[in-house]
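Before any comments, here is the structure.
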Protein chains: 2
Amino acid sequence: MDNLLKYIRSLTSFSDKSWELLQAALTTKVFKKRELLLKEGQVCNSLFYIDNGYCKSYYEIDGVIKNTGFFFENEITTNINSFGNGQKSEFNIVACEPSKVIIFDKHKLFQATKQANEIETLGRNCIRLFATKQEEFGTLFKLYTAQERLEYLETKHPEILQRVSLSQLASFLGVARETLSRIRKRRTLG
Amino acid sequence: MDNLLKYIRSLTSFSDKSWELLQAALTTKVFKKRELLLKEGQVCNSLFYIDNGYCKSYYEIDGVIKNTGFFFENEITTNINSFGNGQKSEFNIVACEPSKVIIFDKHKLFQATKQANEIETLGRNCIRLFATKQEEFGTLFKLYTAQERLEYLETKHPEILQRVSLSQLASFLGVARETLSRIRKRRTLG
DNA sequence: ATAATTATGTGATGATTATCACAGGTCTGA
DNA sequence: TCAGACCTGTGATAATCATCACATAATTAT
């Protein structure tokens, strides 16, 4: 829980009392590799804080897996649309490594929110960070070619390249794995 | 202001008192076509609620304009990263038609937030909607081809096609305008 | 340990797309 | 209203990418 408290206090002022109230909404779970945090068709009633390990979100379309996001330590992942509107999730979230995850229960969180305004502010800031990340990666596709997208990750998010395999990354970058392999080869030579 | 109040109340319960407190953070401005709401290099200290008209966000890279979002009536636009972290904006937001915009001032909004918890909740919900939209459009590029992205807009967001020119849309869809013209031709025939 | 699975590299080929060039249509402001 | 600015369509060509096929690591499970 120590990491989470530091994370929270990096976002907003948070009294010991707020922290105590928040506990009612939290549970910790260790997910095995390939275990699902969220399954397609379910309603997402949780925010998932990743204490260690990492996860990815992916769609499965006509049997083909399309990765849409990677989430590492000290990040929160969720299906923001499902969480906010109660609609069924169209994608999955899965642990890519054994991962210790702190789960925020939506309904208990909203109850805690009523008791401490700091928790409401925390919620706003978590969603803000999530929105920022979505915007950042969504923009990549409009601005850059596949090769430039790879270079962007190399510069701004090297941790992704270190931990995610080429095949997994290709799907995220929107190119075939063979293409990414060739892009990488061109780059290490030229 | 009537549209805005309806919009707010569609998101969260909002008392007349909260509405009155919120007024201190609001100003209304009519932007001419091509007038900038936010300029690259500026810090974004506002949320922009579009009462009528529409706007787009765009990057200008090596003299080439890349559209990253379109925003219509009853939507809020901003640079969420600049607004939240105080960093300089890397993109512009411009009125594509004469547009009546209600501007939420960040600092005054935060003051109002301290006086009414409903305003904090409103803020969280506005950011949530923004995040949902970012996720939706970011995902398009990972899941679909250019033609499928066009079909998605035709189905889910026909208002964009009705109001945005082909050239402007091509940039948003990440293809050359000639390519979008040909995709459209293929579709209307086949 | 070793068999099975998963990941990566690479060639060949066809499909898709970007880019340049140019023509005609539509909008718009002085 | 009329000239300049924008928008759309289309051909030609080169670049990029997806797909299939197969070989060879690397990893994983029993």
Side-chain angles (χ1 to χ4, degrees), chain A residues 31-35 53-54 56 58 60-67 70 94-99 140-154 160-190, chain B residues 31-35 53-54 56 58 60-67 70 94-99 140-154 160-190:
Chain A
F31 289 84
K32 294 175 201 163
K33 186 172 178 177
R34 282 188 280 276
E35 193 177 355
Y54 80 95
K56 69 170 188 178
Y58 69 96
E60 190 169 343
I61 297 184
D62 300 330
V64 180
I65 286 174
K66 310 258 189 175
N67 298 329
F70 294 99
V94 68
C96 300
E97 289 177 357
S99 300
L140 278 186
F141 287 84
K142 291 163 191 153
L143 300 186
Y144 302 130
T145 64
Q147 175 165 344
E148 288 167 336
R149 294 199 290 276
L150 176 62
E151 289 167 5
Y152 181 91
L153 289 192
E154 287 172 341
I160 298 185
L161 301 186
Q162 283 159 23
R163 296 177 74 176
V164 175
S165 75
L166 179 141
S167 300
Q168 296 298 314
L169 188 66
S171 170
F172 177 69
L173 287 176
V175 293
R177 61 165 193 82
E178 296 95 330
T179 302
L180 185 58
S181 174
R182 289 175 179 123
I183 288 173
R184 199 164 69 171
K185 185 184 176 189
R186 281 208 303 271
R187 279 186 45 70
T188 54
L189 301 177
Chain B
F31 289 83
K32 293 175 201 162
K33 186 172 177 176
R34 282 187 281 275
E35 193 177 355
Y54 80 96
K56 69 170 187 179
Y58 70 95
E60 191 170 342
I61 297 184
D62 300 330
V64 179
I65 286 173
K66 311 260 190 177
N67 298 329
F70 293 99
V94 67
C96 299
E97 288 178 355
S99 300
L140 279 186
F141 288 84
K142 291 162 190 153
L143 300 186
Y144 302 130
T145 63
Q147 177 164 344
E148 288 168 337
R149 293 200 290 276
L150 175 62
E151 289 167 5
Y152 181 91
L153 290 192
E154 286 172 342
I160 298 184
L161 301 185
Q162 282 159 23
R163 296 177 73 176
V164 174
S165 75
L166 180 141
S167 300
Q168 296 298 313
L169 188 67
S171 170
F172 177 69
L173 287 176
V175 293
R177 61 164 194 83
E178 296 94 330
T179 301
L180 186 57
S181 174
R182 289 174 180 124
I183 288 173
R184 199 165 69 170
K185 187 184 176 189
R186 281 208 303 270
R187 280 186 46 69
T188 53
L189 301 178

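Counting distance only, with no hydrogens placed and no angle test, the side-chain atoms of A/Arg184 and the base atoms of C/dG9 include no donor-acceptor pair under 3.5 Å. For B/Gln168 against D/dC7, no side-chain N or O and base N or O form a donor-acceptor pair under 3.5 Å. The base of D/dC17 lies outside donor-acceptor range of the side chain of A/Gln147, with no N or O pair under 3.5 Å.
Between B/Arg177 and B/Thr179, the closest side-chain pair of non-hydrogen atoms is not below 4.5 Å.
Along DNA chain D, the nucleotide closest to B/Thr179 and the one closest to A/Arg34 are compared, and the more 5′ of them pairs with B/Thr179.
The CG-P distance, from B/Asp62 to C/dT19, rounds to 12 Å in whole Å. Rounded to an integer number of Å, the gap from A/Leu169 CG to C/dT8 C1' is 13 Å.
For C/dG9, the OP1/OP2 oxygens have a side-chain nitrogen or oxygen of A/Ser181 closer than 4.0 Å. Between A/Ser167 and the phosphate of C/dT8, there is a side-chain N or O to OP1/OP2 separation shorter than 4.0 Å. Phosphate contact (OP1/OP2 of D/dT10, side-chain N/O of B/Lys185, threshold under 4.0 Å): present.
In terms of heavy-atom proximity, A/Arg149 sits nearest to A/Leu173 at NH2-O, 2.8 Å.
Classification of the B/Phe70-B/Tyr54 ring pair by plane angle, with boundaries at 30° and 60°, yields tilted.
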